[in-house]
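Below, read A as the first sequence line, B as the second, and so on, with proteins coming before strands; counting in each chain starts at 1.
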There are 2 protein chains.
Amino acid sequence: MATETVENYLKALLTLCDESPTGEAGLVRLAAVLGVTKGTATSMIKRLAEGKLVKAERYGGITLTGKGRRAATDVLRRHRLLETFLVRTLKLDWSTVHAEAERLEHAVSPLVIDAIDALLGHPSVDPHGDPIPDKSGQTRAASSRPLSACAMGDKTRLVRVADQEGAFLGFAARHGLMPGVRLTVLDADPQAQSMLVQAQGHDPVWLATAAAGKIAVEAGSD
Amino acid sequence: MATETVENYLKALLTLCDESPTGEAGLVRLAAVLGVTKGTATSMIKRLAEGKLVKAERYGGITLTGKGRRAATDVLRRHRLLETFLVRTLKLDWSTVHAEAERLEHAVSPLVIDAIDALLGHPSVDPHGDPIPDKSGQTRAASSRPLSACAMGDKTRLVRVADQEGAFLGFAARHGLMPGVRLTVLDADPQAQSMLVQAQGHDPVWLATAAAGKIAVEAGSD
DNA sequence: CTCTAAAGTTTGAGTACTCAAACTCTTGAG
DNA sequence: CTCAAGAGTTTGAGTACTCAAACTTTAGAG
Ligand SMILES: [Mn+2]
Ligand SMILES: [Mn+2]
Ligand SMILES: [Mn+2]
Ligand SMILES: [Mn+2]
């Protein structure tokens with residue numbers, strides 16, 4: 001089994017590679033995500049390459065191998081199942097569970113994670129709307145678009161909040177901006193780069209485009 | 001916070017000190033429990049002493065300080081609450097939960113352990129009958145005596161199985177030897193150092209005195 | 001009281017991870 | 001086409017933990 005540190009590097013690489021248009025991750029970005037210096041990241045990448053978990057040539061981009069991607073997906077599955085468990089079973093606030101899962105994901109055995117998966121009824125998304133990979137590593141990603149791309153008058157449904165910071169999640173929850181809620185764009189001012197959105201049953205709130213970009217809504221709605 | 005390694009040393013020391021008549025733990029025993037060499041244990045004890053977690057003079061016995069005992073009790077509380085949770089909520093087998101809790105005990109925050117404690121209704125004993133320290137570190141130990149001290153004809157109740165090995169726990173469970181069960185000593189042969197015990201609703205089984213010594217029963221019963 | 005076996009210590013080395021700081025390579029703005 | 005800024009690398013050092021093996025101290029059997 002990989003160490004806790006290696007698992008964290010792999011999970012970060014999975015996100016970075018999948019976000020990147022080239023499919024490759026960069027060292028400086030990786031180091032920033034993990035909170036280490038770039039020298040530290042360089043030597044770890046070298047070790048991951050020796051273990052055939054990543055492919056990386058000198059001064060070139062980093063990609064996960066099949067083995068590395070599989071291991072990373074496993075960590076991500078544990079992370080998201082744990083978040084779901086902490087919210088649904090232990091009633092923790094969704095703005096705190098990310099940090100908890102960040103540690104627990106390295107301590108749960110397959111036995112425990114399977115039991116949690118069964119207890120929750122094999123959920124397909126976590127409390128933030130992120131898809132949970134299944135046991136075989138497959139992810140069924142619901143198609144979506146950023147709320148910031150919506151126009152005035154649009155009615156849609158929130159599917160995902162793509163920010164793990166407790167502060168943003170707390171703000172979002174206070175305004176009802178959680179996965180599943182019906183959403184109406186009451187106003188959108190391109191000059192002010194702001195939009196007024198209302199979650200069903202809550203008061204409307206002004207969001208900057210940057211903030212609205214962190215919220216994903218259903219793809220095919222008017 | 002102490003590292004995972006330090007927490008394991010403290011928990012082992014708590015058990016060793018409390019088992020010892022002098023209240024002091026020995027290095028060789030400690031090293032054996034933790035699966036390290038005695039040289040390794042020596043240097044760790046030196047570091048724990050620097051951190052005021054233990055008191056140990058050269059070539060003398062090791063005792064936990066108040067600070068060390070408190071930290072150790074906290075780990076033990078987490079361990080036993082987790083075992084209880086794994087058995088009651090996740091339906092894991094009681095013979096497997098010790099190893100799982102051994103890792104999880106270092107990854108759960110106070111927030112999570114409090115939520116688990118509440119979910120379980122503040123249990124006072126774990127699945128093996130071991131007492132769970134409360135939040136303040138207090139332990140209410142039920143008085144008991146070893147089953148090996150019982151005589152033929154005794155009827156009593158099992159309160160604790162003092163062995164964390166999966167093999168012994170599996171054997172015990174197969175014969176109904178779990179905390180709470182009514183027990184009858186059908187026969188006791190001092191020469192053979194064996195006794196025939198029956199758990200209510202199960203077939204009788206012959207136990208050597210050594211094995212019966214790992215089972216604790218109610219103190220004040222005939 | 002002596003002496004040796006067991007308990008405890010020390011030393012030197014190795015792995016995993018980290019940083020700071022000096023360095024080299026690549027790339028795109030001009 | 002050039003050359004600096006940014007990306008990536010290397011080096012030297014430090015912390016936490018570990019082992020093997022040589023060593024010293026203690027205590028109890030005789
Ligand atoms: Mn993590
Ligand atoms: Mn999440
Ligand atoms: Mn442990
Ligand atoms: Mn137990």
Identify every side-chain donor-acceptor pair in residues 29-40 of chain A under 3.5 Å, counting partners at least two apart or on other chains, and give the distances.
unit_1   : atom_1 : unit_2   : atom_2 : d
Thr37(A) : OG1    : Thr40(A) : N      : 3.4
Thr37(A) : OG1    : Thr40(A) : OG1    : 3.0

Problem set entry | Gap between atoms NZ and P, on Lys46(A) and dA16(C) respectively (whole Å) | 15 Å
Exercise. Where along residues 23-45 of chain A does a heavy atom fall under 4.0 Å from DNA chain D?
Worked result: Gly26(A), Leu27(A), Val28(A), Lys38(A), Gly39(A), Thr42(A)
Exercise. Is it true that a side-chain atom of Thr65(A) and a backbone atom of Leu53(A) form a donor plus acceptor pair closer than 3.5 Å?
Worked result: yes
Problem set entry | Integer-rounded Å distance: dA16(C) P and Leu53(A) CG | 13 Å
Exercise. Is Arg145(A) paired with Glu218(A) through a side-chain N to carboxylate O contact shorter than 4.0 Å?
Worked result: no
Exercise. Got a sec, which residues hit side-chain contact (heavy atoms from CB on, under 4.5 Å) with Arg174(B), two or more places apart in sequence or on another chain?
Worked result: Phe171(B)
Find every protein N or O atom lying less than 3.5 Å from an N or O atom of nucleotides 24-29 of chain C, and list the pairs.
unit_1  : atom_1 : unit_2   : atom_2 : d
dC25(C) : O4'    : Tyr59(A) : OH     : 3.4

For this session: Check each residue of residues 2-19 of chain B for a non-hydrogen atom within less than 4.0 Å of any atom in DNA chain D, then write out the ones that pass by number, or none.
Result: Thr3(B), Thr5(B), Tyr9(B)
Seminar exercise, completed: Residues pairing under salt bridge (Lys or Arg N to Asp or Glu O under 4.0 Å) where one sits in residues 81-90 of chain A, two or more places apart or in two chains, turn out to be none
Close N or O pairs between protein and nucleotides 12-14 of chain D (under 3.5 Å):
none

For this session: Sort and list the pairs that fulfil ring-ring contact (aromatic ring centres under 6.0 Å, His included) and have at least one residue in residues 52-84 of chain A, not counting sequence neighbours.
Result: His79(A)-His98(A)
For this session: Only counting residues at least two apart or in another chain, list the ones meeting side-chain contact (heavy atoms from CB on, under 4.5 Å) with Thr42(B).
Result: Leu27(B)
For this session: Please list, chain by chain and in numerical order, all residues satisfying ring pair (Phe, Tyr, Trp, His ring centres under 6.0 Å) with His128(B), sequence neighbours excluded.
Result: Trp94(B)
Problem set entry | Validation row: Arg77(B), Asp117(B) side chains within 4.5 angstrom (heavy atoms) | yes
For this session: Could you walk me through whether Ile113(A) and Leu82(A) pass the side chain to side chain contact (heavy atoms under 4.5 Å, CB included) test, one step at a time?
Result: CA-CA 8 Å; Ile113(A) 208 67; Leu82(A) 283 164; 4.2 Å; yes
Exercise. Are Gln193(A) and Thr209(A) linked by a side-chain donor-acceptor pair shorter than 3.5 Å?
Worked result: no
For this session: Using ring pair (Phe, Tyr, Trp, His ring centres under 6.0 Å) as the criterion, list what pairs up with Phe85(B), not counting sequence neighbours.
Result: Phe85(A)
Exercise. Is there any salt bridge (Lys or Arg N to Asp or Glu O under 4.0 Å) pair reaching into residues 130-144 of chain B, and which pairs are they, with sequence neighbours excluded?
Worked result: Asp114(B)-Lys135(B)
